[in-house]
Protein chains: 2
Amino acid sequence: MGTDTLQSRIGVAIRARREAMGISQEDFADHIEMHRAYYGTIERGRRNLTLVTLEKIAVGLGIPPSRLLKEAGS
Amino acid sequence: MGTDTLQSRIGVAIRARREAMGISQEDFADHIEMHRAYYGTIERGRRNLTLVTLEKIAVGLGIPPSRLLKEAGS
DNA sequence: GTGTGACTAAGAGTCCGTT
DNA sequence: AAACGGACTCTTAGTCACA
């Protein structure tokens, strides 16, 4: 499927981490100072993230960016 | 200059890997089908890479993207 | 609380030539 | 072989109203 891209797998990994934290997209987006609509598109795998954005999310999740990639299978 | 950013550390990591392969920027850029001038700016830490570009380079280096981030200290 | 389309600004990415 | 600059195109970052 066209959904088996790195960006979509990262979106899944990010969502799993956020849900494990037990907070909403809106609250998490607020926490990392990112717009909730934009953050939503990332979880849905619609965004080809830049390093800066990837790091911002990883910091919010409390893990290194490399770990996020690893959990996304890359 | 604030060179201690993720993108600059990744540039250093990429350069180290490429030089370990014993090939030039130009040859490596050709190999991964990327323009030599643009690739050069990446090694110099001037670019905030996207996931697609990061993966392209990692594949060319024969390692997973997560490993590249790890070698960049993130 | 989350998803979507439409939108703008900034920067990613390409290509040229020159140093 | 590598760095730099300009000029260009296309996409990401970021926001909004509405579903």
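Sequence lines set the chain letters: A, B, ... in the order given, protein chains first and strands last, and positions in each chain run from 1.
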Look at all strands and tell whether N48(B) reaches a base, only sugar-phosphate, or nothing, counting heavy atoms closer than 4.0 Å.
-> sugar-phosphate
To the nearest angstrom, the CD1-C1' distance between I14(B) and dA2(D) comes to 16 Å
R15(B) atom CZ, over 12 foreign heavy atoms within 6.0 Å | yes
Between atom CG in D30(B) and atom P in dT14(C), what is the gap in whole Å?
-> 13 Å
Does the side chain of Q7(B) come within less than 4.5 Å of T50(A)'s, by heavy atoms?
-> no
Using the closest heavy atom to pick a nucleotide of DNA chain D for each, name whichever of E26(B) or T50(B) lands nearer the 5' end.
-> E26(B)
When the nearest nucleotide of DNA chain D is assigned to A37(A) and to S24(B) on a heavy-atom basis, which residue is associated with the more 5' position?
-> S24(B)
Given atom CZ of R47(A) and atom P of dT4(C), what is their separation to the nearest angstrom?
-> 12 Å
Side-chain N,O (R15(A)) to OP1/OP2 (dG3(C)) below 4.0 Å = yes
Which one, dT2(C), dA2(D), dT15(D), comes nearest to the side chain of Q25(B)?
-> dA2(D)
Of the candidate nucleotides dG17(C), dG13(C), dG14(D), which contains the atom at the shortest distance from the side chain of Y38(A)?
-> dG14(D)
Could you check whether T41(B) gets within reach of a base, just the sugar-phosphate, or nothing at all, counting any heavy atom under 4.0 Å?
-> nothing
Would you kindly give the CG-to-C1' distance between D27(B) and dA1(D), to the nearest whole Å?
-> 9 Å
Are the charged groups of D4(A) and R9(A) less than 4.0 angstrom apart, N to O?
-> yes
May I have the distance from Y39(B) (atom OH) to dA12(C) (atom P), rounded to whole angstrom?
-> 17 Å
To the side chain of R36(A), which of dA17(D), dA13(D), dA3(D) is closest?
-> dA17(D)
How close or far is atom P of dG5(D) from atom NE2 of H35(B), stated in whole angstroms?
-> 16 Å
Between dA12(C) (P) and I57(B) (CD1): distance, integer Å = 13 Å
Does the distance from a Lys or Arg side-chain N to an Asp or Glu carboxylate O, for R17(A) and E71(A), drop under 4.0 Å?
-> yes
Whole-Å distance between dT2(C) C1' and I23(A) CD1?
-> 15 Å
Let me know, please, whether I42(B) or R44(A) comes out on the 5' side of the other along DNA chain C by nearest nucleotide.
-> R44(A)
With the side chain of R46(A) defined as its heavy atoms from C-beta on, choose the nearest nucleotide among dA3(D), dA1(D), dG5(C).
-> dG5(C)
Is any side-chain heavy atom of S74(A) closer than 4.5 Å to a side-chain heavy atom of P65(B)?
-> yes
